[in-house]
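For ligands, and for the atoms within them, numbers begin at 1 and follow the listed sequence.
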Amino acid sequence: MSLPSRVKLVDVGPRDGLQNEKAAVPAAVKIELVHRLQDAGLREIEVTSFVSPKWVPQMADNAEVMAGVQRKAGVRYSVLTPNMQGFEAALKSHPDEIVVFGAASEAFSQRNINCSIAESIERFRPVVAAALANGIRVRGAMSCTVGCPYEGDVAPERVDMLAGLMQDIGVQHIGVADTIGVGTPIKVRRAMEATLKHYDIDDVSGHFHDTYGQALANTLISLEMGVWQFDTSVAGLGGCPYAKGATGNVASEDVVYMLHGMGIETGIDLDSLIDAGKFISDVLKRDPQSRVAKAMLSKRQG
Ligand code: HMG
Ligand code: MG
């Protein structure tokens with residue numbers, strides 16, 4: 001078993017996490033969260049999404065949040081763009097990377113972005129071309145790679161097909177998402193293997209929601225395959241408004257603790273990350289959804 005010696009985490013909390021909050025979170029709080037994450041050592045942060053405010057009102061302050069972030073050298077700021085309208089709006093905010101997001105399940109594609117998988121690829125095609133022409137990196141997210149809230153189990157062949165389509169239109173990096181956290185390690189390995197038919201190991205990341213408590217195990221099996229990039233969410237924030245019952249991404253704190261405990265570097269300071277998670281959890285009036293944060297916060301109180 002050979003594990004990567006260094007792992008890159010993308011904190012998606014400000015986007016994936018806060019897109020799902022019922023109570024409005026002020027832009028100033030989102031900006032402060034991004035600042036705390038970059039100060040904790042995160043080198044990529046998914047800040048917001050340029051989607052329809054009718055669909056996801058939580059992200060309607062996208063431009064304001066992007067404008068308020070004091071950028072740090074060496075940090076990549078990414079945003080979601082589902083179509084040209086979103087890309088054109090995002091361009092004014094100068095993201096370093098945009099994310100097009102498709103699904104391996106037809107039903108989820110319809111519910112999430114109101115079109116079929118094939119139509120979504122046609123919408124992404126000009127977005128990818130425009131981003132690359134503007135020197136902006138392009139990541140693709142593949143939802144429901146192991147299970148779908150509407151269709152149930154998703155076969156690896158679906159992932160194979162979607163990853164191939166993403167590769168065809170020029171998506172540079174691909175994320176394998178377990179949107180509703182139903183995956184178990186062997187299923188996740190199969191979804192990764194299907195993706196690796198089209199992408200190099202250095203261009204693949206894992207994005208695991210932790211609804212069923214499997215995300216760390218799914219992270220570990222991916223690490224064993226050589227995957228070294230993961231999306232995680234500070235304080236375990238998150239979910240998807242179009243995936244009922246799905247909880248947050250695996251907590252960044254839990255993944256950092258596991259990796260550091262295995263001697264794998266992340267460049268992240270766990271204590272500062274826990275402070276960032278405590279900050280946003282206090283605003284949301286709840287405890288951080290990270291076992292590590294809970295344990296370490298109670299230890300701090302002695
Ligand atoms: P639509 O209704 O089919 O779009 O929505 P349309 O092109 O027909 O336009 C309808 C209206 O939306 C028009 O406004 C457009 O101007 C507006 P109206 O004339 O009615 O006033 N519109 C937009 N406004 C702002 N920004 C835009 C935009 N596009 C159209 N970009 C659309 C299609 C994709 C826009 C919609 O379905 C949508 O916004 N969906 C977003 C869903 C979403 O954000 N989901 C969560 C993120 S994905 C996720 O969490 C999964 C991930 O974490 C991985 C995983 O875990 O699986 C990434
Ligand atoms: Mg997600």
query = Just wondering, do Asp178 and Gln214 contact through their side chains at under 4.5 Å, heavy atoms?
reply = no
Indicate, as side chain, backbone, both or neither, the part of [X] found under 4.0 angstrom from ligand 1 when only non-hydrogen atoms are considered.
X	value
Lys54	side chain
Ser143	both
Thr179	both
Met59	neither
Glu46	neither
Asn83	side chain

message = For Arg291, is the CZ atom crowded, meaning more than 12 foreign heavy atoms sit under 6.0 Å from it?
response = no
key: Distance in Å, Met84 CE paired with Arg123 CZ, rounded so as to fall on 0.5 Å steps   = 13.0 Å
Value rounded to 0.5 Å, distance of NE2 in His207 from OG in Ser143 = 7.0 Å
message = Strictly under 2.8 Å, is the Mg ion (ligand 2) approached by any N, O or S atom of Asp16?
response = yes
Among Arg15, Lys30, Arg76, salt bridge (charged side-chain N to carboxylate O under 4.0 Å, His left out) partner for Glu46 = Arg15
key: Vertex the Mg ion (ligand 2), rays to NE2 in His209 and NE2 in His207 - rounded to 10°   = 90°
ask   = If you measure only the distance, is there a donor-acceptor pair under 3.5 Å linking the side chains of Ser272 and Arg36?
value = no
